[in-house]
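A short worksheet on the structure shown next.
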Amino acid sequence: QVQLVESGGGLVQPGGSLRLSCAASGFTFSRYTGRWYRQAPGKERELVAAIASTGGTTTYADSVQGRFTISRDNAKNTVYLQMNSLKPEDTAVYYCEARAPPYDFWGQGTQVTVSS
């Protein structure tokens, strides 16, 4: 049984920070590209950040560039998303994905709410 379990979401004030974690079990995450997506109510799912299997290459959506950092600790089979300078527009359900075709595994999502 393969599984991705996300944690770290919650309520934070504008300007605050959160770190999301995505822990894999049942497979070796280091063989997969890691991705974080988010989806706000009424909006399409948006790719937030991606990281190569080795961790050597990262990409970010323009909307989070300079504020978010994706990283991974392959020894812990975990991918992270550090979110700083959070804005209300960042409010969404955040999902992690492990991708290595033909395999494609998704986490359950974790809610991030940025509000005063």
Side-chain angles (χ1 to χ4, degrees):
Q1 177 75 279
V2 301
Q3 191 173 34
L4 291 175
V5 178
E6 295 156 310
S7 61
L11 175 64
V12 65
Q13 295 184 79
S17 298
L18 287 172
R19 188 175 76 157
L20 306 184
S21 299
C22 180
S25 59
F27 69 103
T28 302
F29 208 165
S30 63
R31 272 72 165 176
Y32 295 74
T33 299
R35 291 175 169 85
W36 285 96
Y37 293 83
R38 66 186 182 188
Q39 188 164 27
K43 296 187 177 181
E44 291 189 11
R45 185 181 62 188
E46 173 188 26
L47 178 63
V48 175
I51 188 166
S53 61
T54 63
T57 302
T58 58
T59 59
Y60 299 92
D62 288 344
S63 59
V64 307
Q65 182 72 46
R67 300 188 297 120
F68 290 11
T69 302
I70 188 170
S71 63
R72 67 193 307 157
D73 185 342
N74 284 335
K76 296 182 178 179
N77 225 27
T78 300
V79 169
Y80 304 95
L81 185 67
Q82 178 68 46
M83 305 185 294
N84 298 326
S85 302
L86 283 162
K87 305 175 181 179
E89 306 94 277
D90 297 317
T91 296
V93 178
Y94 285 71
Y95 301 89
C96 69
E97 182 198 22
R99 185 187 299 179
Y103 303 105
D104 187 14
F105 306 134
W106 288 84
Q108 80 287 354
T110 186
Q111 177 71 47
V112 172
T113 302
V114 185
S115 176
S116 298

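What you are looking at is a predicted structure, and each value in this text was computed from that prediction instead of being measured.
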### Query
Can you tell me if CD on Gln13 sees more than 12 non-hydrogen neighbours from other groups inside 6.0 Å?
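Counting other residues, nucleotides and ligands, CD of Gln13 stays at 12 neighbours or fewer.
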Minimal non-hydrogen separation, [X] against [Y], with atom names:
X: Thr78; Y: Ser21; value: CG2-CB, 4.3 Å
X: Ser85; Y: Ser17; value: N-OG, 4.3 Å
X: Gln108; Y: Glu6; value: NE2-O, 3.0 Å
X: Val114; Y: Thr91; value: N-OG1, 2.9 Å

[atom1] of [X] to [atom2] of [Y]: how many Å apart, nearest 0.5 Å?
X: Met83; Y: Arg19; atom1: CE; atom2: CZ; value: 11.5 Å
X: Gln3; Y: Cys22; atom1: CD; atom2: SG; value: 10.0 Å
X: Leu20; Y: Phe68; atom1: CG; atom2: CZ; value: 8.0 Å

### Task
Please identify each residue that fulfils ring-ring contact (aromatic ring centres under 6.0 Å, His included) with Phe105, with sequence neighbours left out.
Phe27, Tyr32
Please answer whether the main-chain N or O of [Y] pairs with a side-chain N or O of [X] as donor and acceptor at a distance below 3.5 Å.
X: Asn77; Y: Phe29; value: yes
X: Asn74; Y: Thr28; value: no
X: Arg72; Y: Thr33; value: no

What I'd like to find out is whether the side chain of [X] reaches to under 4.5 Å of the side chain of [Y], using heavy atoms alone.
X: Ser63; Y: Arg38; result: yes
X: Val2; Y: Tyr103; result: no
X: Tyr60; Y: Ile70; result: yes
X: Val48; Y: Arg35; result: no

Mind checking whether [X] and [Y] sit in one hydrophobic cluster, side chains of I, L, V, M, F, W, Y counted as touching below 4.5 Å?
X: Tyr80; Y: Trp36; result: no
X: Leu81; Y: Tyr37; result: no
X: Val64; Y: Val112; result: yes

### Val12, Leu86, Leu11 screened by side chain to side chain contact (heavy atoms under 4.5 Å, CB included) with Ser115, the one that passes
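Among the candidates, only Leu11 passes.
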### Query
With sequence neighbours left out, what residues match Arg99 under salt bridge (charged side-chain N to carboxylate O under 4.0 Å, His left out)?
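Arg99 satisfies salt bridge (charged side-chain N to carboxylate O under 4.0 Å, His left out) with Glu97 once adjacent residues are dropped.
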### Task
Report the relative orientation of the aromatic rings in Tyr95 and Trp106; use parallel for angles under 30°, tilted for 30 to 60°, perpendicular for over 60°.
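Ring orientation of Tyr95 relative to Trp106: perpendicular.
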